[in-house]
Structure formats: C-alpha cells, structure tokens
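Keep in mind that the numbers below use all heavy atoms, side chains included, and drop hydrogens, waters and symmetry copies. First listed ligand is number 1; within each ligand, the first listed atom is number 1.
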Amino acid sequence: MTPAETSSPVWTRKDLIGLEDLSRQEIEMILDTAPQFVAVSKRGSGIKKVPLLQGRLIVNWFFEPSTRTRTSFELAAKRLSADTLTMNVQASSSKKGETLHDTLDNIEAMHSDVVVIRHSFAGSAHILAERHDSHIINAGDGAHEHPTQGLLDAFTIRDHVRKQKNDPEATIDGVRVAIIGDISHSRVARSNIWGLTKLGASVVVCGPSTLMPQDIARMGCEVTTNLREAIKDADVVYALRIQLERQAKCLFPSIREYIRLYRIDNESLKHAPEHALIMHPGPINRDLELATDVADGPRSVILEQVSNGVAVRMAVMHLLVNS
Ligand code: CP
C-alpha cells in the first residue's frame with residue numbers, strides 16, 4: 001500500500017448540499033465522527049458540551065416550518081459551544097423583497113461561520129454555497145435533498161445492525177430498506193436513496209404510481225407499487241409523510257384508499273419480517289401513513305432517529321469547520 005492508501009481520510013468539503021455529491025468514504029467519515037457526540041449528549045453528570053466550535057457563529061435560516069431539524073441544529077451548535085442565531089424569516093427583510101444573496105451578504109458582514117438553510121426552492125443551498133464564504137448546510141431544499149436526515153437515518157440503521165450482530169465494525173452492506181409513500185415530493189427519500197445505496201444497502205421505493213417519479217430507478221433503487229412486495233424481505237420499513245401541503249392537486253383517489261393500500265400498520269406488517277425496524281422522518285400524520293400503535297410500538301426507532309440527529313449534525317458542523 002502507498003502512504004496515501006494507508007493514511008486516514010481527510011474532510012475537504014466546505015459545504016453539505018446533498019448526499020448525491022458525497023462518496024461512501026465521506027459519508028462513513030461523518031457516521032464515524034458521530035459516536036463521540038452521542039456520548040457527549042448522553043453524559044449523565046457533567047456538562048453536555050465540548051468546545052470544538054467555541055466562538056463560532058451558527059445561523060439557522062428556515063423559510064419552511066420545522067421542529068426536529070431546526071431544534072436539532074440549534075442544540076448541536078450549543079453542544080459544540082458555538083453561538084447561535086435563529087433568523088426570524090417572518091420578521092426579516094426577505095418579506096420586503098431582499099434576495100437570499102443580499103441577506104447572506106449582510107449576515108456574513110456580521111461574521112457567520114455556518115449557515116443552515118431550509119427553503120422550498122430546490123437548489124437554494126447550492127447557489128448560496130457557490131457565492132458565499134460561510135459553510136452552507138442544506139436543511140431541506142424543496143423536493144431535492146435533506147442530507148442530514150439521510151445521514152441520521154443511515155447512522156440509526158447502522159447502529160441497530162451493529163447491535164444485532166454484536167459487531168462494532170458492521171456496515172449496512174446488504175441491508176434491505178423499503179421506503180413507502182409519497183416518493184415524488186420527498187427530499188428525505190432522495191437523500192436516503194443516495195446515502196443508503198452508497199453504503200451498500202438495497203433500497204426499494206413503494207407508493208402509488210401518481211406519487212412515484214418516472215425516473216427514480218436511475219438512482220439505483222427498485223420500484224414497486226405493491227406494499228407486500230416492498231416489505232416482504234425488508235430489514236427496515238421507512239414510512240414517509242404524505243406531504244399534503246406540497247401537492248398541487250390530489251394525487252391519490254382518497255385518504256381511505258391510501259390507507260387501505262399503503263398504511264404501515266399491524267395488518268400490513270404481517271407481511272414484513274418480525275425483526276424489521278420501523279422508521280419515519282417526522283412529523284407523522286398519525287393513522288394516515290403510519291398507525292399510532294406501530295409508531296409508538298417496540299419496533300419503532302423514530303425517537304432514536306431524533307436523538308441521533310443531534311450527534312450527526314454535531315459531526316457535520318465539526319468536520320466542515322475544523323477540517
Ligand atoms: N424530519 C424533519 O425534517 O422534520 P422537521 O420538518 O420537523 O424538521
């Protein structure tokens with residue numbers, strides 16, 4: 001082996017825009033950096049903080065509603081000892097027509113280090129990253145990508161595989177993940193397909209044909225409209241939120257029809273292996289795409305996804321700023 005092949009990988013990217021851009025090695029670098037931050041968050045006594053971003057300014061800039069991602073980034077920044085600034089979009093000059101670039105020029109004049117942006121425009125994080133010096137993290141851009149969701153999902157799956165196999169080095173190669181629901185409008189589905197397939201998992205997407213992009217198979221996943229077929233060999237059943245707010249028109253005949261064919265509940269799960277984990281990115285439309293007793297049941301790892309999100313976002317910010 002040459003010295004280059006034996007040396008540890010080094011993070012070189014300024015921004016995190018999407019998992020499509022990342023190599024397997026880069027994704028694994030983030031996942032391998034996160035466990036130390038899980039340990040920080042779990043400190044029973046003592047301070048749940050490390051000084052890795054002390055004195056840095058992290059700006060949360062959310063144009064769309066968010067509970068998990070916004071609070072998770074804020075908490076991640078605080079646990080890294082950074083200063084945080086949450087933009088109040090409703091009360092900002094974007095309401096008077098100020099462009100994203102002009103607003104960010106002004107934020108950067110106050111010396112921001114990291115800007116976390118969620119926007120309904122696919123490509124918004126990318127165009128900011130090209131022109132500005134701050135590290136840009138995409139917290140969801142339209143139906144394009146939600147990379148930190150994909151990373152925290154991969155981390156959660158890998159954690160369970162490692163526990164099931166009692167092997168701290170186990171990977172998710174060969175794990176089968178069934179993603180169910182509104183694939184068309186889902187940035188979570190896209191980031192998961194890119195991320196999980198790069199990590200060696202097999203991904204099958206399933207939903208009504210009206211909620212399935214024509215060319216989705218090009219991303220390297222299997223496609224079916226049959227729920228039983230999708231979940232029959234699944235190690236993970238991943239329910240997506242039906243994004244009623246993004247649908248220009250009703251794309252399935254009725255909620256009752258969707259529930260009958262695609263809801264993840266104890267009845268449909270009879271066709272999945274007993275060991276299959278249940279995941280959902282949140283927020284859940286309870287008893288629409290996911291039955292309440294399954295969401296809150298023993299196979300659900302939905303709140304673990306949320307806990308892991310803080311550590312994964314700490315890892316992302318640490319790598320972007322300190323490498
Ligand atoms: N999973 C997710 O992005 O949730 P929020 O919309 O609450 O951030």
Side-chain angles (χ1 to χ4, degrees), residues 16-20 30-31 34 41 58-79 84 86-90 114-122 124-125 136-157 159 177 179-196 203 205 207 236-247 264 277-286 288-290 294-296 300-317:
L16 178 65
I17 307 303
L19 299 191
E20 181 179 6
I30 297 169
L31 302 190
S41 292
I58 314 289
V59 179
N60 260 338
W61 195 16
F62 280 61
F63 287 82
E64 290 187 333
S66 169
T67 299
R68 281 144 290 270
T69 313
R70 189 174 52 75
T71 52
S72 180
F73 268 112
E74 186 167 340
L75 201 51
K78 286 183 158 77
R79 290 198 175 150
T84 58
T86 298
M87 298 283 284
N88 181 348
V89 169
Q90 290 308 318
V114 177
V115 174
V116 180
I117 181 165
R118 172 174 286 190
H119 200 287
S120 58
F121 170 52
S124 47
I136 305 292
I137 301 178
N138 180 9
D141 60 332
H144 174 229
E145 279 225 40
H146 188 349
T148 55
Q149 181 71 47
L151 290 165
L152 72 89
D153 291 335
F155 183 86
T156 303
I157 295 169
D159 190 44
V177 182
I179 303 178
I180 315 298
D182 180 355
I183 310 298
S184 279
H185 299 92
S186 180
R187 53 197 178 207
V188 172
R190 281 175 187 75
S191 286
N192 266 294
I193 296 167
W194 288 124
L196 293 171
V203 177
V205 293
V236 177
V237 177
Y238 195 115
L240 293 173
R241 185 171 69 88
I242 295 296
Q243 301 193 30
L244 298 164
E245 78 280 14
R246 282 192 209 279
Q247 292 192 16
I264 304 304
L277 301 175
I278 306 299
M279 299 178 73
H280 190 293
I284 303 168
N285 295 308
R286 281 182 180 267
L288 199 173
E289 70 266 2
L290 185 61
V294 175
D296 301 337
S300 168
V301 297
I302 293 169
L303 293 179
E304 280 178 48
Q305 290 171 259
V306 177
S307 300
N308 290 333
V310 177
V312 166
R313 289 173 175 124
M314 288 170 81
V316 168
M317 290 194 281

* Do R68 and ligand 1 have an N or O pair less than 3.5 Å apart? -> yes
* In Å, rounded to the nearest 0.5 Å, how long is the span from NE2 of H185 to CD1 of I242? -> 10.0 Å
* **Distance, nearest 0.5 Å, that separates CD1 of I179 from CZ of R190** =>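 Going from CD1 on I179 over to CZ on R190, the span is 10.5 Å.
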Side chain [X], main chain [Y], donor-acceptor under 3.5 Å:
X: R118; Y: A139; value: yes
X: R241; Y: P281; value: no
X: Q305; Y: H280; value: yes

Go through ligand 1 atom by atom and flag the ones less than 4.0 Å from a non-hydrogen atom of [X].
X: G282; answer: 1 (N), 2 (C), 4 (O)
X: T67; answer: 5 (P), 7 (O), 8 (O)
X: P281; answer: 1 (N), 2 (C)
X: Q149; answer: 1 (N), 2 (C)
X: T69; answer: 2 (C), 3 (O), 4 (O), 5 (P), 8 (O)

* To do: For the pair R79 and S41, evaluate side-chain hydrogen bond (donor to acceptor under 3.5 Å, both in side chains) and give the outcome as yes or no after the intermediate values.
  => CA-CA 8 Å; R79 290 198 175 150; S41 292; 2.9 Å; yes
* Under 4.0 Å, heavy atoms only, figure out whether ligand 1 is touched by the backbone of R118, its side chain, both or neither. =>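 Within the 4.0 Å criterion, R118 contacts ligand 1 through side-chain atoms alone.
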